[in-house]
Amino acid sequence: MAAGDLVLTGLMAVLLVGIAALLTRIENWRSYTPLAGGGTATGETVIHREKPAGIVRWLTTVDHKDIGILYGVYAVIAFAVGGIMAMLIRLQLVTPGGALLGANAYNSILTSHGITMLFLFGTPIIAAFANYFIPLLIGADDMAFPRINAIAFWLLPPAALLIWAGFFLAPVTENMIEPAQTAWTMYTPLSVEQTNPGVDLMLLGLHLSGVAATMGAINFIATIFTERDDDVSWANLDIFSWTILTQSALILFAFPLLGSAIVMLLLDRNLATTFFAVEGGGPLLWQHLFWFFGHPEVYILVLPPMGLVSLILPKFAGRKLFGFKFVVYSTLAIGVLSFGVWAHHMFSTGMDPRLRASFMAVSLAIAIPSAVKTFNWITTMWNGRLRLTTPMLFCIGFISNFIIGGVTGVFLAAIPVDLILHDTYYVVGHFHYIVMGAIGFAAFAGIYYWFPVFTGRMYQRTLGKAHFWLSMVGTNLTFFAMLALGYLGMPRRYATYQFDGAIAPLAQVETYHLLATAGALILFVGQLIFVWNVVQSWLEGPKVEDGDPWNLERDGMLDREFQWFDRKLETTVTDGGEEEEQSALTGARSDD
Amino acid sequence: MALFGFEKDTLLDLTVNVIPLGIILFFIAAFAVVPAFGTDPVFSGLQFALMISMFLLLAVLTYYAGRAIENAEHAQESLEEASAVNEPEDEVAEFEDEDAPGELEDE
Amino acid sequence: MEEQPGLSDQYRMSSPWPVFVALGLALSEIGVFIGLFPVAVFGLILFGGSIAGILTESGYATRPWPTLVGVGVLLVLLAALVAVLQLPTSAFTLANVGEGPLFTRLVAVVVAGAVMVAMGGAGSVVEQTKV
């Protein structure tokens, strides 16, 4: 132990000295700059470049567009990791006895899949769009606090490493530190009693990601309130900014609570406090705290994608968004009501029936604003001049999947139905329709829609459409099979299902699991095409010459971000400096 | 028709949030009239507190959002009216940049 | 819109500090919660140092040293407060370092705070004598 401490001390000291040395070098930037400010020939080149070159640029950037790209790359990597975990889960469940994993490995992967997708993919991909485009959409120079923006991003890589730490450390430490097997909800007493230090590491990672999200949220609120251009008012603020504003408010109230609950859990685990022990606050306290965060989290993840769809869909329907104000007010309504529904995740815990009833009432009320949006999107398309480009296809797919995911959710909000379907695959199917079918699809729509803006190039249209159709078919096959499995009574989170025929009809259950796995494979192929398309098009795709690649001018719907893009293209023609930055951008991306 | 001082158009927009408010109100009334699980000071209190607080919060936020948007619209309209009477500020200012820089930008 | 306000004169959109603020926070959390004494101390020093650096860089402070001393004092006070509230006075012994799980962690925080105070003090003294 003492030797270990010594090694750690040495390591840390070397690290600190290294950092100090690095910083003094970087601080030199400042000291010689004023000399370069003169009108000499060398001074000219310095003035053009706003950022250092290569990897250092990406490590030190505080430009909202760069940070947006960093968030995006990070989220796509997390999506790949979470997706591979999902594939392992689906392959495992091909046979009732489990095809490839032991029960512990299955539990680890199940836990990490959930946390990775929600905290390391969902929140960051939204932050990617918001960072890049909110300042452009509202005419701000940058975020209100550019450095805090950078800090918020850089908390995420350590968070990911900590959340996945068990997978790296288990082989090294002979399984002394294993990946957490708590499921993403981390219910006590299980999460307190698992002595595995991997759980502590995962909790710390989650805590860091929560700190990052909160910092980002404060930044967005400040930016949207104070950095708007003079002619952007509350009356003509775009819909994506409205949803990000609401989402940030939700984050501000929800994530600090998660952070505190996690600290309490850590104290229970390491310092023998009794917050969630039977003799203390009781295990149910965790569920209340967790879901008071957890339900707003659902809307934190879904509101900005709704904003993306509300922004993109009208562009390819040739009509303005039907009932723009309806969408704004219903977004705000969702924001408020999402804090009054948390215990609908706990209907079967034996809580007081009167309380249960009131949570049901609010849960039914919150269905209305979501339904309003759905009708608005449909009426926007009604009699419109639809152009089925890839982003539009993903928007329509979003609506379709959101309807299925949403309606199944309304059933779950009803206590009698929930008591039967609780903890079955029905729930899994329901929320995957939302998180993959809706949130994922809106993220793809955003990536394709703005691909010309952030890469300066065009994606390959045929591959984009292949990606859509494979995703659409795969999503519906996988998750509809899960809904059916839930009706059959298949409980969620099981590594195997060799159960008695009295619990569920085994033959049918196996068939539906096979269907779900087949769907997951289709989905997987689709995502491979997506990654290929994005990477190859970014590096080699045809350069976009026109500032209005979607021909939005015709309908008078060219938003500020494309106007900015147009101006940027024009300066590129006259000024070579911008061009250089473009190539630096693509070059450094492959380093990441 | 000037309910809460809103214009008719704004009121129509706000109906979207009246529906969830109505649903909550319906359940408040229903649970008050038919207390199917009996009444208990603590749990019935919590039950109604949850619904009533959600009702109030939603009502208040909807009101202020409506206010903010309506005020912003008014400001925009009056700006447009003013610029229709005088000259369209932005566009002219760009064309006459050389002659009278900044002269028209006195809003 | 391309005219961004300058953050540094040459590289107007760059700052070296955010990465280290984040790394410092991550290391301090790991160190304090997992109970790794050296990681806690160095993580907290990195965190406090980066805060001092970033505040100086963005113009909220003219010199980093007072911030460093401030963060150090804050940490020492915080650790002392927790210790007084949570531990019996009999636990405050040198022999107890490395024994009680809470006490050891608090000592780590105090050490980090003290080092920061010393660094900040030394920094300002050196600077004043040099100029």
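Hydrogens, waters and symmetry mates are skipped; everything else that's a heavy atom, side chains included, is used. In what follows, chains carry the letters A, B, and so on, assigned in the order in which the sequence lines appear, proteins first and then strands, with residues in each chain numbered from 1.
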*Using a cut-off of 6.0 Å, state whether more than 12 heavy atoms not belonging to A/Phe253 lie near its atom CZ.*
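For A/Phe253, atom CZ is not crowded (no more than 12 foreign heavy atoms under 6.0 Å).
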*asked:* Given heavy-atom pairs under 4.5 angstrom as the criterion, report whether the side chain, backbone, both or neither of A/Phe339 touches chain B.
replied: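 Answer is both: backbone and side chain atoms of A/Phe339 are under 4.5 Å from chain B.
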*Measure distances from B/Ile28 to the heavy atoms of chain A and classify the residue's part below 4.5 Å as side chain, backbone, both or neither.*
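For B/Ile28, neither part sits under 4.5 Å from chain A.
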*asked:* Report which part of B/Phe31 has an atom under 4.5 Å of a heavy atom belonging to chain A: side chain, backbone, both, or neither.
replied: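 For B/Phe31, the side chain is the part near chain A, not the backbone.
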Can you measure from [atom1] ([X]) to [atom2] ([Y]) and round to the nearest 0.5 angstrom?
X        : Y        : atom1 : atom2 : result
B/Leu61  : B/Leu56  : CG    : CG    : 12.5 Å
B/Ile23  : A/Leu364 : CD1   : CG    : 7.0 Å
A/Ile224 : A/Ile134 : CD1   : CD1   : 4.5 Å
A/Leu136 : A/Phe562 : CG    : CZ    : 10.5 Å

Nearest heavy-atom pair of [X] and [Y]: which atoms, and what distance?
X        : Y        : result
A/Ala261 : A/Phe276 : O-CE1, 3.9 Å
A/Ile251 : A/Ala217 : CG2-CB, 3.5 Å
B/Ile24  : A/Ala365 : CG1-CB, 3.7 Å
A/Val232 : A/Leu237 : CG1-CD1, 3.8 Å
B/Pro20  : A/Ile368 : CD-CG2, 3.9 Å
A/Gly406 : A/Ile434 : N-CD1, 3.9 Å

*Could you check if a side-chain atom of A/Phe225 sits within less than 4.5 angstrom of a side-chain atom of A/Leu245, using non-hydrogen atoms only?*
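Heavy-atom side-chain distance check passes, below 4.5 Å.
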_Between B/Phe27, B/Phe48, B/Phe55, B/Phe26, the one whose heavy-atom pairs under 4.5 Å with chain A are most numerous_ =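 Counting heavy-atom pairs under 4.5 Å, the top option is B/Phe27.
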*Given the options B/Ala75, B/Ala36, B/Gly38, which has more heavy-atom pairs under 4.5 Å with chain A than any of the others?*
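Greatest number of close heavy-atom pairs with chain A: B/Gly38.
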_Can you tell me which of A/Val328, A/Leu332, A/Val336 forms the most heavy-atom pairs within a distance under 4.5 Å of chain B?_
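So the answer, after comparing A/Val328, A/Leu332, A/Val336, is A/Val336.
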Enumerate the inter-chain donor-acceptor pairs under 3.5 Å for chain B and chain A, one line per pair.
{"from": "B/Asn17", "atom 1": "ND2", "to": "A/Tyr329", "atom 2": "O", "distance (Å)": "3.1"}
{"from": "B/Phe37", "atom 1": "O", "to": "A/Arg354", "atom 2": "NH1", "distance (Å)": "3.2"}
{"from": "B/Gly38", "atom 1": "O", "to": "A/Arg354", "atom 2": "NH1", "distance (Å)": "3.0"}
{"from": "B/Gln47", "atom 1": "NE2", "to": "A/Arg354", "atom 2": "O", "distance (Å)": "3.4"}
{"from": "B/Glu73", "atom 1": "OE2", "to": "A/Lys325", "atom 2": "NZ", "distance (Å)": "2.5"}

*asked:* Please output the residues of residues 300-308 of chain A in contact with chain B, using a heavy-atom cutoff of under 4.5 Å, in numerical order.
replied: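 Residues in range: none.
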